[in-house]
2 protein chains.
Amino acid sequence: MSPYDPSAYPPFAVTVDLVVLTVRRHALCALVVRRGEQPFQGRWALPGGFVRGDEDLSAAAARELAEETGLCAHDPADPGAGNGAHLEQLATYGDPKRDPRMRVVSVAHLVLAPDLPAPRAGGDANSARWAPIDELLAASDEAAAGLAFDHARILADGVERARSKIEYSSLATAFCPPAFTVGELRRVYEAVWGVALDPRNFHRKVTGTPGFLVPAGGTTTRQGGRPAQLFRAGGATLLNPPMLRPEV
Amino acid sequence: MSPYDPSAYPPFAVTVDLVVLTVRRHALCALVVRRGEQPFQGRWALPGGFVRGDEDLSAAAARELAEETGLCAHDPADPGAGNGAHLEQLATYGDPKRDPRMRVVSVAHLVLAPDLPAPRAGGDANSARWAPIDELLAASDEAAAGLAFDHARILADGVERARSKIEYSSLATAFCPPAFTVGELRRVYEAVWGVALDPRNFHRKVTGTPGFLVPAGGTTTRQGGRPAQLFRAGGATLLNPPMLRPEV
DNA sequence: ATCATAGTCGTCTGCCTGACGATAAACAGA
DNA sequence: TCTGTTTATCGTCAGGCAGACGACTATGAT
């Protein structure tokens, strides 16, 4: 074998696909776009696109994200605040038959975003929408109803990553607006995990973990009931001990 | 933008790189090979190679692993036993300048293997060896002594993955021979984490976690001292509650 | 025989979590 | 205005688990 001989290796197309998750109306939702061309024309798919020749993988993911949603992703390395969503690499999918036309290797990325206004259909998609992940993954069993390509698998992997990562990191705050209440954060956990948590124990846990939350001043009654204190995400990124996910 | 138009996307080379870890003489070691050609000729690098045109990414990783070490990787999905090492995808590295000659996207994989006889130098490598990771990562600061390309970064990511994954999974057994003692398993944790663990509390923890270890029958005095019971890995893959890594 | 080495079983204490009672502060409607 | 509903927040208590460490066991080496 002759490594690095340009004529000896087969050419690949490299794309990024995005699993963009948010919490809307107490449900975990993913951004999907409708495909405008073959194959899988008219079917829903994860947003994504080709990596450019001089572009890093994370830069390509951030660019696609901006094109589809207008969100400005902030790299975990750079904690620049603003309305930036969390972006991280998820996994890479390269089955030779995953695209019927040619050999495509897709580097999937995971984005966690606060609830947004309606997504804007940009780029090459006919339309875009937030779909509850239950709906998307349930439909993946039926032949013609599920997501295009291997996107159901990618979505499932992304959801599983998000579910496990909020256990031991403060990443759940990425689903929240800049200032939020303990109750709003709890509803994020409940939506992502699909369980009910005890409000009192949750409150004790998050307020008792140093660096997780810092008071933002002021209160809100967005949710009705007694006014709740506003917080913003503290500097801590790791939760130790972790938040325990209740048994099924 | 015209997606999936073959003339519109730049061609990439796709490779797999391997972070192969083992525990030798109470130290965490990685497999490195000496580069036989430019660039970085004569420097140490992670083993790896090009993905073939009809080959899945994990298949390419398993093939490279067999070529370099003779190890038969078993996919996490398929728990076929034997002398198979654990193999999982780690992350993908695609900086446009990571290879000075052309655009190469590398899908790194992580392999956890029991201690092996001397590695066989196969394929395109002049030679191969097990190197303590402390040594490899310490040298990465100096200009000409560290690993080739961005392999120091990839190795660091792989080591970090291994360190965190043995906390909440039974993956540490992948570093052990088919039958092993509690003390041998403890020395794996100590080598990977670089800490000392209390033998009594460790024994209580691993024998008290259902499904982690099953008695293999018989005892051994490999390590001197009182004979120790032999175990093999139980069916459980997740450790709940996790093994706690002591503070630094 | 004595020592060194490793393995295994127990005990105790402190921390954290789950379960749940109680109170506080808002709003809606009678 | 009073009452019920909703949500937030503080407290209490028991059980589980981990860290610290004592005690005993079973081998090989000197």
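Any value given below was found using the heavy atoms of this structure, including those in side chains, with hydrogens, waters and symmetry copies removed. Chain letters run A, B, ... following the sequence lines, proteins first, then strands; residues in each count from 1.
Across its full length, the helix from C/dA1-D/dT30 to C/dA30-D/dT1 shows an angle of 0° between the axes of its 5 terminal pairs at either end, rounded to 10 degrees.
Within 6.0 Å of CZ on B/Arg163 lie more than 12 heavy atoms contributed by other residues, nucleotides or ligands.
Straight-line distance from the CZ atom of B/Arg245 to the P atom of D/dA18: 16 Å, rounded to whole Å. Following rounding to the nearest Å, A/His26 (NE2) and D/dT6 (C1') show an atom-to-atom distance of 13 Å. The nearest whole Å value for the distance from the CD atom in B/Glu247 to the C1' atom in C/dC15 is 14 Å. Going from atom CD of B/Gln229 over to atom C1' of C/dC9 covers 13 Å, rounded to whole Å. Remark: C1' of D/dC10 and CZ of A/Arg204 are 11 Å apart, rounded to the nearest angstrom. Counting to the nearest Å, the C1' atom of D/dC17 and the CE atom of B/Met243 are 13 Å from each other. Going from atom CG of B/Leu230 over to atom C1' of C/dA6 covers 14 Å, rounded to whole Å. Atoms CD (A/Glu167) and P (C/dT17) sit 13 Å apart, rounded to a whole Å.
Proximity of a side-chain donor or acceptor of B/Thr209 to a complementary backbone N or O of B/Phe212 within less than 3.5 Å is not detected. Of the possible donor and acceptor atoms, none in the side chain of A/Ser169 sits under 3.5 Å from a partner among the backbone N and O of A/Leu238. Between the side chain of B/Arg43 and the main chain of B/Gly146, a donor-acceptor pair closer than 3.5 Å is present. Not a single donor-acceptor pair under 3.5 Å links the side chain of B/His151 to the backbone N or O of B/Ala45.
A close approach under 4.0 Å does occur between a side-chain nitrogen or oxygen of B/Arg186 and OP1 or OP2 of C/dG7. Contact annotation: A/Arg187 side-chain N/O to D/dA8 OP1/OP2 distance is under 4.0 Å. Put simply, B/His203 has a side-chain N or O that comes within less than 4.0 Å of OP1 or OP2 on C/dT8. For A/Lys205, a side-chain nitrogen or oxygen approaches OP1 or OP2 of C/dT17 to under 4.0 Å.
Taking the six-membered ring wherever Trp is involved, the centroid distance between the rings of A/Tyr189 and A/Phe202 falls below 6.0 Å.
Each of B/Ala228 and A/Pro242 lies near DNA chain C, and the nucleotide nearest B/Ala228 is the one positioned closer to the 5' end.
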Can you give one letter per nucleotide of nucleotides 20-30 of chain C, going 5' to 3': B for a protein heavy atom under 4.0 Å from the base, S for sugar-phosphate only, - for none?
BBB-BBS----

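The nucleotide whose nearest atom lies closest to any side-chain atom of A/Pro199 is, among C/dT11, C/dT17, D/dT9, D/dT9.
A/Asp17 and A/Tyr93 share no donor-acceptor pair across their side chains, judged by distance under 3.5 Å alone.
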Applying side chain to side chain donor-acceptor pair (under 3.5 Å) to A/Asp115 and A/Thr22, what does each step give before you reach the verdict?
CA-CA 6 Å; A/Asp115 196 359; A/Thr22 196; 4.5 Å; no

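Comment: A/Arg153 engages A/Asp157 in a salt bridge, judged by a side-chain N to carboxylate O separation of less than 4.0 angstrom.
Relative to the six-membered ring of B/Trp44, B/Arg129 meets both conditions, a distance below 6.0 Å and an angle of at most 45° to the axis.
Heavy atoms of B/Arg222 sit nowhere under 4.0 angstrom from any nucleic acid atom.
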